[in-house]
Amino acid sequence: MSDSAPRRVRVRAPELIGRGGWLNTGDKQYSLADLRGRIVLLDFWTFCCINCLHVLDELRELEEKHRDTVVVIGVHSPKFVHEAEHGAVVDAVERYGVGHPVLDDPELATWKQYAVRAWPTLVVIDPEGYVVAQHAGEGHVHAIERLVTELEAEHEAKGTLRRGDGPYVAPEPEPTVLRFPGKALVLPSGHFLVSDTTRHQLVELAADGESVVRRIGSGRRGFADGPADAASFNEPQGLAPLPDGSVVVADTVNHALRRLDPATGAVTTLAGTGRQWMQADATSGPARDVNLSSPWDVAHWNGKVWIAMAGIHQLWTYDPEEGTVSVAAGTTNEDLVDGPAEEAWFAQPSGLAATPERLWLADSETSALRWVDLDGTVRTAVGTGLFDFGHRDGAAEQALLQHPLGVTALPDGSVAVSDTYNHALRRFDPATGEVTTLATDLREPSDAVLVGEDIVVVESARHRLTRLRLPEEAVKVASVAHRTQRAATEVAPGALRLDVVFQAPAGQKLDTRYGPSTRLLVSSTPPELLAGGEGAGTDLSRTLRLDPAVGEGVLHVSAMAASCDDAPENAYPACHVHQQDWGVPVRLVEGGADRLPLVLAGMDPDQRDQ
């Protein structure tokens, strides 16, 4: 997802407004005038979005390197209803270690002022208050840093650059035992092992779920193997026991799988390089040589460790015997599509639970409960797509969840779903096809484990484990249905010209040695929205036909282009694959736009070496 504005277009930056107010500023409110003389980088994000979380991590180095000239402002622009709650934004800012001011914009006022279309979007404002660049999607920080360096020199010479401390004020840390825990498992001793995500540790708790037995990890962001007090993690999440008695850990922001020896507390690395997987990277091979992307949960199933690869909407496997990893299901396209493993689409799979016959998964961005059969077929139990969610019990085909992060297999063959943004524990019974609610008033539950006849829930935003007795009957709740509040693009019914604009980065050219160098895939939700123009092709421009009887929906666009270094003297030029996916909500109105331009950003040649 990428839009760019030429740097030299002088457009005055709109004011920053948001009913939710400011965070990380010591309660001070800011306007753009207060920031005049600084380079301002607006990060439009929402905390459910894995691409947004990737950008938060990309920005950390830039923020530190240019801390006296650059002010990063997060503009929180919610997708889900829960994300519009101010308290949830406060939690997310701490949970993900956001080290800059954040404007809470629950009504998308600033989002609309800047004509933002996609999460995440970055906007650069120069020291005189003009917008000089806009990029959507991740992977743009190296280009932005070059622009920042140019702006520093330009405005230093003009006398319009003001150096100094920024407006960020760190919140006071809270003295809780756990801080935004992610996942848990029960050790053979009866103790709990919990991923203490925000503190970058694993914590072993006694059987009471409260008393700390030991902490594993230094408590600082890092990627180091070693004994319990020296090893380091970066926002760990999923945990799964292995047959040899060790535990595999999804070390999410390190893009790695780690191994914990519970007997000694020693930590080693099983898979991943510490670098994020990008298009054209290897999708199989020796586990320590292959890049991963935000592994969120793990489960041991049929002799392999299955990985919920949230960062690229796939399931991967790690083979403990061979020491290899490979893609098991998913195409990297984001949506809900069932079928054979190699054709299925996922949307941020974030929770896994294994039974002998099925691997259950919580597909968070489609608010769906899904499973993989033994033959590799992917099916959906609950959920319809990226933009429908809510809290509704009943028959699975009409039941609704809201961004679930965890799933737990129950003894009777049913599954419990940690329905995170509904603050609820839900249950799906495959025998009846019914969804019921087991418990409410749980603050952002992200996982649950069975202990006898009880279920122990990870209440992530209450920083604790909560023990519940599994009731015989579900709690009844009122039905609520929602759709995403992201503003739709108004387009004319009938013919719509889709243009994906791509320009190879400087020093590169399109790679046409083996045929077409571009690919465009278009689909829609609902499928009836497109009366023509769906499917795959090699031309980046296409005329779509929109059915006026449908009225509104989402266009799903995936574009790819291949380019190679353009140096005649180089006999073996390096080649690069550029890919972006868009989900564009559209509303059909007379007089609407008849052209939809989307910009596919070329990756900088030196970016992969950073």
With distance as the sole test, does [X] use its side chain to make a donor-acceptor pair with the main-chain N or O of [Y] at under 3.5 Å?
{"X": "Glu58", "Y": "Gly139", "value": "yes"}
{"X": "His155", "Y": "Asp126", "value": "no"}
{"X": "Asn24", "Y": "Val98", "value": "yes"}
{"X": "His313", "Y": "Thr332", "value": "no"}
{"X": "Arg221", "Y": "Val253", "value": "no"}
{"X": "Trp119", "Y": "Ser77", "value": "yes"}
{"X": "Asp281", "Y": "Met278", "value": "yes"}
{"X": "Thr538", "Y": "Thr518", "value": "no"}
{"X": "His255", "Y": "Ser294", "value": "yes"}
{"X": "Thr110", "Y": "Ile17", "value": "yes"}

Does either side chain, that of Gln276 or that of His54, offer a donor lying less than 3.5 Å from an acceptor on the other one? yes
Thr273-Asn291 side chain donor-acceptor pair, cut-off 3.5 Å: yes
The test is side-chain contact (heavy atoms from CB on, under 4.5 Å); show your working for Cys48 and Glu365 and say whether it passes. CA-CA 8 Å; Cys48 73; Glu365 279 293 284; 3.1 Å; yes
Is the closest side-chain heavy-atom distance between [X] and [Y] below 4.5 Å?
{"X": "Val102", "Y": "Trp45", "value": "yes"}
{"X": "Leu42", "Y": "Leu16", "value": "yes"}
{"X": "Phe389", "Y": "Leu400", "value": "no"}
{"X": "Leu588", "Y": "Val491", "value": "yes"}
{"X": "Trp345", "Y": "Glu334", "value": "no"}
{"X": "Leu555", "Y": "Leu544", "value": "yes"}
{"X": "Thr543", "Y": "Leu496", "value": "no"}
{"X": "Pro120", "Y": "Asp43", "value": "yes"}

Qualifying residues under ring pair (Phe, Tyr, Trp, His ring centres under 6.0 Å), relative to Tyr114, sequence neighbours excluded: Phe44
For His403, give me all partners under ring pair (Phe, Tyr, Trp, His ring centres under 6.0 Å), at least two apart in sequence or on another chain. Phe80, Tyr421
d(His556 NE2, Asn333 CG) to nearest 0.5 Å is 10.5 Å
If you apply the rule side-chain contact (heavy atoms from CB on, under 4.5 Å), what do you find for Arg38 with Val70, and how did you get there? CA-CA 6 Å; Arg38 310 297 292 273; Val70 173; over 6 Å; no
Indicate yes or no: does Glu63 engage Arg60 in a salt bridge with an N to O separation below 4.0 Å. no
When you check the gap from the basic side-chain N to the acidic O, do Arg462 and Glu444 get nearer than 4.0 Å? no
Pro101: side-chain contact (heavy atoms from CB on, under 4.5 Å) partners, not counting sequence neighbours: Trp22, Thr25, Ile73, Pro167, Tyr168
Please list every donor-acceptor pair under 3.5 Å in which a side-chain atom of residues 87-94 meets a protein atom from a residue at least two apart or in another chain.
unit_1: Glu94; atom_1: OE1; unit_2: Arg179; atom_2: NH2; d: 3.0
unit_1: Glu94; atom_1: OE2; unit_2: Arg179; atom_2: NE; d: 2.6
unit_1: Glu94; atom_1: OE2; unit_2: Arg179; atom_2: NH2; d: 3.4

Taking all non-hydrogen atoms of both residues, which atom of [X] and which atom of [Y] are closest, and how far apart?
{"X": "Leu161", "Y": "Glu152", "result": "CD2-O, 3.7 Å"}
{"X": "Gly18", "Y": "Asp105", "result": "CA-OD1, 3.8 Å"}
{"X": "Ala308", "Y": "Pro349", "result": "CB-O, 3.4 Å"}

Using the test side chain to side chain donor-acceptor pair (under 3.5 Å), find all partners of Thr197 that sit at least two apart in sequence or belong to another chain. none
Residues that Asp499 engages under salt bridge (Lys or Arg N to Asp or Glu O under 4.0 Å), provided they are two or more places apart: Arg497, Arg595
Can you confirm whether Glu61 is buried at CD, in the sense that more than 12 heavy atoms of other residues, nucleotides or ligands lie under 6.0 Å from that atom? no
Is Arg12 atom CZ crowded by more than 12 heavy atoms from other residues, nucleotides or ligands, each under 6.0 Å away? yes
